[in-house]
Amino acid sequence: MKVLVTGGGGFLGFHIVKQLIERGETVTVIGRHHYPHVARLGATSIVADIRNYASIESHFKETEEVFHTAATADIWGDWQKFYDINFVGTKNVVDACLAHGIKRLIHTSSPSVVFDGKSQKNLDESTPYASKWLAHYPRSKMLAEKYVLEHNSPQLQTVALRPHLIWGPGDPHIFPRLISKAKKGQLAIVGDGQNEVDIIYVENAAKGHLQAAEALKNTGAPAGKTYFLGQSAPVKIWDFITEVLKRENVAAVNKRIPFRFTYALAVILEWTHKLFRIKSEPRMTRFLACQLSQSHYYNHKRAKDDFGYDPKISVEEGLDRIYADQNP
């Protein structure tokens, strides 16, 4: 089977490509660059811009299944960038699928599309989209997810998956950011430090995508639906961060900052950056303050029921794999 993966050179996309290749599929990757590590797996690496329909359309020819992981996941920046990449890019992918009669589209969304800044505990997929947006990323991902689901049909079956805080070997975002800030003394516990959060090991996230695709093909059960994906249980995020820092031989975080103070500081920093047109990300944003201090974990029963989602690699095993890779 011929499969196309957008963003296949990225963290999650690469692991989806790897698992598809191991299963014997013929894989083409569309990304911003040529990715030698993807080519070494045996996939075809195409340089194209998902913001430009003409740039990507021809590469969808004779494809049966598409995994759309390409996105910008920053928490700060101009709205136009998020809109163009996350929404317009997704629209172009959907339209190319329709133009070429592709049967299945598996879209990587985010739980942040329902996150409104307050604690969310064990919520399921009936949870409505957020009514206020603390960052451009979740708003743009909401628009993209809605477009994907609105175009589900017997001709093009679509599904939107919401993996939360993907981590693992080669993680380019979460671990490097945390470790860097901790080493500089810029990391502090926001709130009481007891908040629980969904996380997901990258191989579990990739496997969930393949399982959803297989169920679309065999039963059609996931068609037109959204699914939260995470580990078997949430973690106390500050306990998890402490364990990561311990394995990095970095001192544990002891500083504590009240949430209200942090949120107020974030408001000031955001307005300062906007007023003076500072391009760099503020050291604290409202979205980050809420993510660090509030609980946000979700129910995975629908994924288990509809396509057998079962995160085989535990948090402990995942951490062991990371540090075994770094310290062979």
Side-chain angles (χ1 to χ4, degrees), residues 6-7 9-13 30-33 47-57 68-96 105 107-118 120 127-151 158 160-166 172-174 176-177 181 190 226 262-294 296:
T6 72
F11 185 41
L12 172 62
I30 288 179
R32 291 172 293 178
H33 311 287
V47 179
D49 187 347
I50 63 168
R51 296 172 296 182
N52 183 336
Y53 180 75
S55 175
I56 67 169
E57 180 267 332
H68 177 43
T69 74
T72 182
D74 297 329
I75 60 174
W76 186 256
D78 294 330
W79 165 246
Q80 197 63 48
K81 177 188 74 170
F82 288 94
Y83 181 81
D84 289 347
I85 296 174
N86 293 348
F87 174 68
V88 175
T90 298
K91 180 180 183 299
N92 288 338
V93 167
V94 172
D95 293 351
L105 171 61
H107 170 66
T108 306
S109 187
S110 165
S112 65
V113 300
V114 303
F115 184 66
D116 60 3
K118 299 176 182 178
Q120 298 185 323
T127 305
Y129 292 124
S131 58
K132 67 175 184 178
W133 303 104
L134 301 174
H136 295 325
Y137 171 72
R139 181 185 172 200
S140 63
K141 291 295 286 184
M142 178 274 294
L143 293 173
E145 180 182 286
K146 286 183 67 177
Y147 194 85
V148 167
L149 297 177
E150 287 167 358
H151 286 79
T158 69
L161 305 181
R162 299 169 174 174
H164 199 18
L165 294 179
I166 305 171
H173 301 298
I174 299 174
R177 187 186 184 104
K181 286 187 175 292
V190 180
T226 61
T262 307
Y263 192 90
L265 175 62
V267 171
I268 294 170
L269 290 173
E270 287 188 22
W271 276 106
T272 300
H273 278 242
K274 290 176 182 177
L275 181 63
F276 293 101
R277 298 182 180 180
I278 302 171
K279 294 296 184 182
S280 61
E281 180 185 314
R283 285 182 59 178
M284 182 56 66
T285 67
R286 291 171 299 153
F287 182 77
L288 184 57
C290 292
Q291 288 273 302
L292 290 174
S293 62
Q294 306 300 309
H296 36 104

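The residues of the chain are indexed from 1 along the displayed sequence.
- Between Ile75 and Ala135, the shortest heavy-atom contact is O-CB, 4.1 Å.
- The environment of OH in Tyr83 is sparse: at most 12 heavy-atom neighbours from other residues, nucleotides or ligands sit within 6.0 Å.
- Although no hydrogens or angles enter the test, the distance criterion places a donor-acceptor pair under 3.5 Å between the side chain of Asp116 and the main chain of Lys118.
- The shortest heavy-atom contact between Val113 and Pro138 is CG1-O, 3.8 Å.
- When all heavy atoms of Ile166 and Ile174 are compared, the closest pair comes out as O-CD1, 3.3 Å.
- When every heavy atom of Tyr137 is checked against every heavy atom of Ser112, the shortest pair comes out as CE2-OG, 3.6 Å.
- Atom OH of residue Tyr263 and atom OG1 of residue Thr285 lie 9.5 Å apart, to the nearest 0.5 angstrom.
- For the pair Glu145 and Ala160, the tightest heavy-atom approach, listed with the atom from each and the gap, is CG-CB, 3.7 Å.
- In this structure a side-chain-to-backbone donor-acceptor pair under 3.5 Å is present from His296 to Gln291.
- Although no hydrogens or angles enter the test, the distance criterion places a donor-acceptor pair under 3.5 Å between the side chain of Gln120 and the main chain of Val114.
- Separation of atoms CZ (Arg139) and CG (Leu134) is listed at 12.5 Å; rounding is to 0.5 Å.
- Looking at Asp74, its side chain never comes within 3.5 Å of a backbone N or O of Trp76 through a donor-acceptor pair.
- Atoms CG and CG, from Leu265 and Leu269 in turn, are 4.5 Å apart once rounded to the nearest 0.5 Å.
- With contacts defined as side-chain heavy-atom distances shorter than 4.5 Å, the pair Ser110/Arg162 does not qualify.
- Atom CZ of Arg32 sits about 6.5 Å away from atom CD1 of Ile85, to the nearest 0.5 Å.
- The backbone N or O of Phe82 sits nowhere less than 3.5 Å from a side-chain atom of Thr72 that would complete a donor-acceptor pair.
- Checked by atom type and distance alone, the side chain of Thr69 pairs as donor or acceptor with a backbone atom of Thr6 at under 3.5 Å.
- The nearest pair of heavy atoms linking Tyr147 to Phe87 is CB-CE1, 4.0 Å.
- For the pairing with Asn86, the side-chain contact (heavy atoms from CB on, under 4.5 Å) check across His136, Lys141, Met142, Lys81 returns one residue only, Lys141.
- Remark: side-chain polar atoms of His68 are not paired, donor with acceptor, to backbone N or O of Val93 under 3.5 angstrom.
- Within the 4.5 Å cutoff, the side chain of Met284 has no heavy atoms near those of the Pro282 side chain.
- Atom OG of Ser140 sits about 5.5 Å away from atom CH2 of Trp79, to the nearest 0.5 Å.
- Between Val148 and the choices Thr226, Thr158, Leu143, the side-chain contact (heavy atoms from CB on, under 4.5 Å) rule is met once, by Thr158.
- In this structure, Arg286 fails the cation-pi test against Trp133, since its NZ or CZ atom is not both closer than 6.0 Å to the six-membered ring centre and inside 45 degrees of the ring normal.
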| request: Show your reasoning for whether side chain to side chain contact (heavy atoms under 4.5 Å, CB included) applies to Thr108 and Leu12. | output: CA-CA 9 Å; Thr108 306; Leu12 172 62; 3.7 Å; yes
